[in-house]
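Inspection log for the structure reproduced underneath, given as C-alpha cells.
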Amino acid sequence: MPATSHPRVLGVAVPTPLRRLFDYRTGPSVPSGGWRPGLRVRVPFGRREVVGIVEECRDHSDLPLADLKPVNGWLDDTPLPDDWLWLCRFTARYYQHALGDTYHQSLPVLLRQGRPLEARTRERWRLTERGRNSHGEQLGRARRQAELLEQLRLHPRGLATGAITAQGFSRAQLDGLLDKGLIEAEQETVIESPRAEYRSLLAEPALPLNREQATALAALHEGLDRFHPCLLQGVTGSGKTEVYLQLIEAVIAQGRQALVLVPEIGLTPQTLARFRKRFRVPVVALHSGISDGERLDAWLAAASGRAPIVIGTRSAIFTPLAKPGVIIVDEEHDGSYKQQDGLRYHARDLAVVRAHKESIPVLLGSATPALESLAQAQAGRYRHLQLTRRASRHAPARLELIDLRGRTRQGGLITPAIEAIRQTLAAGRQVLVFINRRGFAPTLACHECGWLAECDHCDARLTLHRQPPQLACHHCERLRPLPDACPKCGSADLRPLGAGTERSEETLASLFPDVPVHRIDRDSTRRKDAFESMLAEVRRGEPCLLVGTQMLAKGHHLPHVTLVVVVNADAGLYASDFRALEHSAQLLIQVAGRAGRAEHPGRVLVQTMHCDDPHLRLLAEHGYDALARQLLEERRAAGLPPYRFLALARFESPRDAEVMALASAAAEALRDWLGARPDPVHCLGPVPAPMERRQNRYHMQVMLSSPQRSKLHEAAAWLVAWLEGNREARRVRWSMDIDPQTLS
Ligand code: ADP
Ligand code: ZN
Ligand code: ZN
C-alpha cells in the first residue's frame, strides 16, 4: 500500500458481529496523508451513522461502484497505532471474531464514539517573575490569594489546577492572581512524559535480592532485546513482584515501556501504590474503575510513549505502546484473563503473541502456573525461572487434610478446626476461613419430603441468603421470597442445607463473641472501597476472623494471618470439567499462601470428605508441582489440552427443539466436511451443556479437537462460515470459543 493514495473504494470494518468488511465510496476530499488502513471514518450503516476503521483501500468492489454509499468523513489524519491494529487483526483471526467488533471492543469508549485522537490537557500554574518578587503586598485583604501565592512559591515547577483546588483554593482565587500578573498558566497533557531533570528513575531504592531472585533477574536481563518468554514460578510471598519491579527498571532505563497485566481483583490500590512508590515516572492504571476520559488519556499516553509503565487488567493487553520493552503477566494462571463472552480472547496468550511480534521479553509469573505454561516450560519453549523460598522467614505451610466424614459441623466447621481457631485467636493472631460459597446456605430443603428450592429458569438450586432474607439464583440473579412452608407437602420444617459465608460468619460470631468477624464476598463488598477499608483494618493486626470467598484468596498480603481453614476442598475433585482439578488446586495453594507471611509461621487446615483422594493427597504431601506433573500426564493420556487443542461451538435458544436441530445440523455438516479430509480433527457432539437450562434458555455444544492448531482453526473457521450462511442459525444464538477455559 503506498503511503498516500486516492482509492475509489474503502473496505471498512464496522462495529457489527458480521465477519466481513463493508465497502464505501471515497468522496472528492482526501485526508491530508491520503487514505490509509487504520483511519477512523464515519459511515452510514443501516439507519445509523457509525465509526468504522478503514481496512482496505481499493479501486474495485464486488458491488457496482454506483451502488456504494460514500463515507461521511474521516476523523483523524493519521491512522490508529500500528501495533494496536496488528493485535486486533490477529485476535479477530485467531478467535474467529468479526474484525469490526474486535476493533470496537478494544478501543477506548471515547474513540469508539468519535472523539479526536488528542490527549486532554490541563493548566499548570506557576509564579511569574513579578510573582516571585512579590510578597503579597498588593493583595491587601485577599488572605486566601496570599496563601495560594505562598503555596505556589513552594512548587517552582508549578501545580496543576486539580492539585490546587484539592487544597481548597477556588478558581476565582487563581483568576485574582492571574489578573494581577503574579501567576501564569501553561497547558500540559494530563499524563506527562517523565521529566529529563530526574536524576534517577527510582523514588525508593530497590531491595537487595536474594540468590534466587538475583539469578532470575540476571536471566531476564540477558533477554531484553529479543523475544524471550519466561515463566517465573515462585511460591506465594517469594518476591516475584520485586523481580518485576527491577526488570521494569532496566526496561525504562533503556527508554522503553513496560506493560503489566494483573488479574481483575489484583489491581488494588495497594498494588498500584507499590509501583508508584518505586518509580518516579508516571504509572498509568487501566481498570474498570476509571472514567472514559482517564482511559483515553492513559491509552494516548501509552501510544505516544509518554507513559513508561502501564498496568491493567485483561483488556489492557490492547494498549498500544510506542516503545514496548516488556510484557509481564502476574498470576498468569488466573481465570480472569479469559474473556468468557463476546470477544472470547485470552490476555495471557495474546501477551505471548504480542511479545513475539515485537521481539521483546514476556514474563509470566505465578505460584501455581497454568498447565499450559508449565508444559511450554517443560518443552523448553519458555525459560523456567524458579523462586522456591519466601522472602520472609517461613516457608508456605503444608496443607493438613482433616476428615469431614461422620463429624457434626457448625457453620461448616468441625471441632478440630474450631479448636485451632480458638488457639490462634488466643495467641493474638488472625484467622482466615475460606468458603467458596456466598450466601447463608447453598440451598433450602424440606425435612419432611426432601423438596429442594430450585430456580424456575435454570437447572440450579437457589441459594439461601439472610442478609437480606431471600432465595437467590447465582446463575440468573433471580430473587424469590422465602416460602413459609414447603410448596410440595406443606410442611413448615424447611431447613438450610450446607453452609455459605453468611452462615459461617454467624456461627463464628457466636463462638467467638469477643473477636470481630469480617465477611468478605461479593455481597459484603458491593459498596465501593468496602473491601479496601476492611483490609486496612485487618492489616492493623488486632486478632480477628476473616470469612471469605476467593476474593480473599488472591494476592493480598495479610501479615497477621497465621491460620487458614478451608471449609470444603471437594468442589473441584470430581467435577465434570477437565480443568476443575487444576483450578481448585491453584485456588487451594493461593488461599494457603495467605498464612504465615510475616514473622510467625502459618498453618493450613483443609476439610474434606475425601482424605484418600490421590490428587488431593499428592497436592497436600508433595505440592503443586507434583500434582501438576501428574495432571499433565493424565491430560496427555486423555488427549486434552495442552496436548490437543479445543474449540467449542455453543448454541442457545429459549426453544430446546431449535437448539437441538441447529447443533445437530452443524455437527453433521462439519463431520461431512471433515470426512472428506485427511486431517486429524475430531468433532464431538452435540451434547447438552453441563447446565442445560440457564435463564430459561437451552444450551448445547459441539466440540472440535485436534493435535494441530492450524487444522483445528481451519475446521472452526469452516463451521463459523457454515453457521453464518445458514438461515436457521439466525434464530439461535451461537458462538465459537477457541481454547475454551471451561466447557460450561
Ligand atoms: P510474591 O509476589 O511472590 O507473592 P511479593 O513480591 O509480594 O511476593 O513479596 C512478599 C514480601 O517479601 C513483600 O513484603 C516484599 O516486600 C518482601 N520481599 C520481596 N523480596 C525481598 C527481598 N529481596 N528482601 C526483602 N524482602 C523482600
Ligand atoms: Zn416438603
Ligand atoms: Zn436461575
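Ligands are counted one by one from 1 in listed order, and the atoms in each one are counted from 1 as well. Being a predicted model, the structure only gives us computed values, none of them experimental. All residue numbers refer to positions in the sequence shown, counting from 1.
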Query - Count, waters excluded, of protein N, O or S atoms under 2.8 Å from the Zn ion (ligand 3) - result: 4
Query - Gln695 and Arg697: side chain donor to acceptor below 3.5 Å - result: no
Query - Gln246 versus Glu242, side-chain donor and acceptor atoms under 3.5 Å - result: yes
Report task. State whether Asp456 and Arg480 are salt-bridged, where the test is any N-O pair (Lys NZ or Arg NE/NH1/NH2 against Asp/Glu carboxylate O) under 4.0 Å. Result -> yes
Report task. Verify, without hydrogens or angle tests, whether Lys240 (side chain) and Gly234 (backbone) share a donor-acceptor contact under 3.5 angstrom. Result -> yes
**Report entry** Single hit among Ile248, Ile317, Ile328 for side-chain contact (heavy atoms from CB on, under 4.5 Å) with Leu259
**Finding:** Ile317
Query raised in the report: Among Gln586, Gln233, His333, Glu332, whose side-chain hydrogen bond (donor to acceptor under 3.5 Å, both in side chains) with Ser366 holds?
Result: His333
Requested in this report: State, to the nearest 10 degrees, the angle whose vertex is the Zn ion (ligand 2) and whose arms point to SG of Cys446 and SG of Cys489.
Outcome: 110°
Query raised in the report: Can any side-chain N or O of Gln430 pair as donor or acceptor with the backbone N or O of Glu542 at less than 3.5 Å?
Result: yes
Please tabulate protein-ligand N/O pairs under 3.5 Å for ligand 1, atom names and distances to 0.1 Å.
| from | atom 1 | to | atom 2 | distance (Å) |
| --- | --- | --- | --- | --- |
| ligand 1 | 2 (O) | Thr241 | N | 3.4 |
| ligand 1 | 2 (O) | Thr241 | OG1 | 2.9 |
| ligand 1 | 3 (O) | Ser238 | N | 3.2 |
| ligand 1 | 3 (O) | Gly239 | N | 3.0 |
| ligand 1 | 3 (O) | Lys240 | N | 2.9 |
| ligand 1 | 3 (O) | Lys240 | NZ | 2.9 |
| ligand 1 | 4 (O) | Gly237 | N | 2.9 |
| ligand 1 | 6 (O) | Thr241 | N | 3.2 |
| ligand 1 | 6 (O) | Thr241 | OG1 | 3.3 |
| ligand 1 | 6 (O) | Arg274 | NH2 | 3.0 |
| ligand 1 | 7 (O) | Arg274 | NH1 | 3.1 |
| ligand 1 | 8 (O) | Gly239 | N | 3.0 |
| ligand 1 | 20 (N) | Gln213 | NE2 | 3.0 |
| ligand 1 | 23 (N) | Pro208 | O | 2.8 |
| ligand 1 | 23 (N) | Gln213 | OE1 | 2.8 |

Requested in this report: Report yes or no: do Arg694 and His475 form a side-chain donor-acceptor pair below 3.5 Å?
Outcome: no
Query - Side-chain (Arg278) to main-chain (Leu202) donor-acceptor, under 3.5 angstrom - result: no
Query - Sole residue of Leu563, Val565, Thr562, Val564 in side-chain contact (heavy atoms from CB on, under 4.5 Å) with Val604 - result: Val564
Query raised in the report: Got a sec: is Cys486 within less than 2.8 Å of the Zn ion (ligand 2) via an N/O/S atom?
Result: yes
